[in-house]
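Worksheet: one structure, shown below.
A quick note: this is a predicted structure, and the numbers were derived from the prediction, not measured. In what follows, residues are counted from 1 in the order of the sequence shown.
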Amino acid sequence: MAEKRDYYEVLGVAKDASEDEIKHAFKRLAIKYHPDRNKAPDAAAKFSEINEAYQVLSDPQKRAAYDQFGFAGADGSQAGGGNPFGAGAGAADFGDIFGDIFGDIFGAGGRGGASGPRVVPGRDMQVRMELTLEEAVRGVKKNIRLKTFVKCPTCGGTGGRAGSHPAPCPHCHGTGQIHVRQGFMSISQTCPYCQGTGQTVSDPCPDCKGTGRVQKTKTLAVNIPAGVDTGDRIRLAGEGEAGFNGAPSGDLYVLFQIKPHDIFRRDGNDLYCEVPISFTTAALGGQIEVPTLDGRVKITVRPETQSGTMMRLNGKGVKSINSRDPGNLYCKLVVETPVNLNAEQKDLLRRLEISLNGGDVSSSSATIVRKSGASEGAVNHKPKSASFLKNVKKFFDDLSK
């Protein structure tokens, strides 16, 4: 037989938890593990364990005995007997807790005050919409084609033939709810025959068969606000499924997905892009054009710029629907290595390399001649390479020690 767990551990509360904390913990766990909702094989056993712990900890006297003597002090107060809501609890307390629990489980109120006909709106719907970055940033008007239930145009949503009148539902007797027996409890649920309206149609509409709605494909024009991003959604009130027998329609939610862009990557309100620059521009500096959402912008590249340098353009990002100011545009400068070089171009690069390393390039011939007595370290043209080589040397020197 499995060893019993501490009652406080079962409910997931501290030993000094208040009555309200214990009550809320019990309600949460009872909803989670009730066998009518949780079909796991061990749900019933867990529900019984939770109930047993609550019966003891909700009663001040039983709780005090348990705190002092453990399970021996709580003996006789487990699930087999006693009021699970404390010694002084009555029917009202019982109804309050389990009415709330079963209302959450079955989607209807468990107390008498919630009885009576009620209008059940149509279901909410959600559609996904793909947008380009430009559409998302600037806003756009799009059409959506949607197959859904709409109010029957023949009967106007009443479900009855012209001139007919609805009658009380024979299953719920016009209350809109039926009562389901759950052991020692009676639980109220929405009547599935009249959908909670309390009425049925004796002479149904021939087009909607008495439901008050028909299926149709409709087209909606949607104004997309500027600044939406992936994961954002907007609500179109009343554009979901039509309810039964004239009940209000549900809502339609449009969920956005932004397509990948050829140039920009969006992160919140900021934009990122990579801008290739030539080796010459990186070394000598100059002006280049970069793209923004507002058009081309010229920026100045400083001499001796290294590949990977990030340049920020303030206010050239995105202004989202939840912000007052736009983000920034970050341009990563990437030095592009020349390709497809001819013999002359290769020779020029070799001459440059020798010159950068302190050598002498004869202007009268293609022969590369080294300067006599030249000091390689006189001018450091490659600070990163020098630093890297220095660290590599130190690394191997340390390994050999």
Side-chain angles (χ1 to χ4, degrees), residues 1-63 65-67 69-115 118 120 123-124 126 171-172 176-193 195-196:
M1 183 175 180
E3 184 179 348
K4 276 190 176 183
R5 290 196 300 154
D6 176 71
Y7 288 148
Y8 292 101
E9 180 185 344
V10 170
L11 295 183
V13 296
K15 291 187 181 295
D16 59 350
S18 65
E19 292 183 10
D20 282 343
E21 289 174 330
I22 291 173
K23 179 178 177 180
H24 291 152
F26 169 68
K27 177 184 174 183
R28 175 177 55 81
L29 293 171
I31 292 173
K32 181 178 180 180
Y33 291 108
H34 192 280
D36 286 341
R37 186 175 188 179
N38 191 326
K39 301 304 180 183
D42 61 344
K46 288 186 177 180
F47 184 80
S48 177
E49 181 185 41
I50 293 162
N51 186 43
E52 177 182 328
Y54 184 73
Q55 288 185 38
V56 174
L57 298 185
S58 63
D59 186 309
Q61 294 180 349
K62 295 176 184 177
R63 181 180 180 181
Y66 174 71
D67 288 342
F69 302 107
F71 292 113
D75 189 29
S77 66
Q78 282 86 356
N83 187 341
F85 304 97
D93 301 302
F94 181 88
D96 282 347
I97 296 178
F98 269 95
D100 288 345
I101 291 175
F102 285 99
D104 289 335
I105 293 176
F106 296 104
R111 284 173 268 178
S115 63
R118 66 190 186 99
V120 182
R123 292 190 308 169
D124 292 340
Q126 179 172 283
H171 300 281
C172 64
Q177 296 186 346
I178 58 174
H179 300 284
V180 180
R181 200 82 177 158
Q182 291 283 337
F184 50 84
M185 290 175 292
S186 180
I187 304 162
S188 296
Q189 294 181 256
T190 300
C191 176
Y193 302 97
Q195 305 298 322

I need the R63 CZ to S58 OG distance, nearest 0.5 Å. 9.5 Å
What verdict does the side-chain contact (heavy atoms from CB on, under 4.5 Å) test give for I50 and K32, after you've listed the backbone C-alpha separation in whole Å, the side-chain angles of each residue and the deciding distance to 0.1 Å? CA-CA 11 Å; I50 293 162; K32 181 178 180 180; over 6 Å; no
How many angstroms lie between CG in D42 and CZ in F47, if you round to the nearest 0.5 Å? 14.0 Å
Any residue meeting salt bridge (charged side-chain N to carboxylate O under 4.0 Å, His left out) with K15, in chain and number order, not counting sequence neighbours: D6
Salt bridge (charged side-chain N to carboxylate O under 4.0 Å, His left out) partners of R28, counting only residues at least two apart: none
How far does NE2 of H24 sit from CG of L11, to the nearest 0.5 angstrom? 13.0 Å
Closest non-hydrogen contact found for Q177 with C172 is O-CB, 3.2 Å
Separation between CD (E9) and CD (E49), nearest 0.5 Å, reads 8.5 Å
Taking Y54 for its side chain and A30 for its backbone only, find out whether a donor-acceptor pair lies under 3.5 Å. no
Euclidean distance, Q55 CD relative to L57 CG, rounded to 0.5 Å: 10.5 Å
For F71 and R5, which heavy atoms make the closest approach, and how far apart are they? CZ-O, 3.4 Å
Do we see a donor-acceptor contact under 3.5 Å between the side chains of D67 and Y8? yes
Q126 atom CD: more than 12 heavy-atom contacts under 6.0 Å: yes
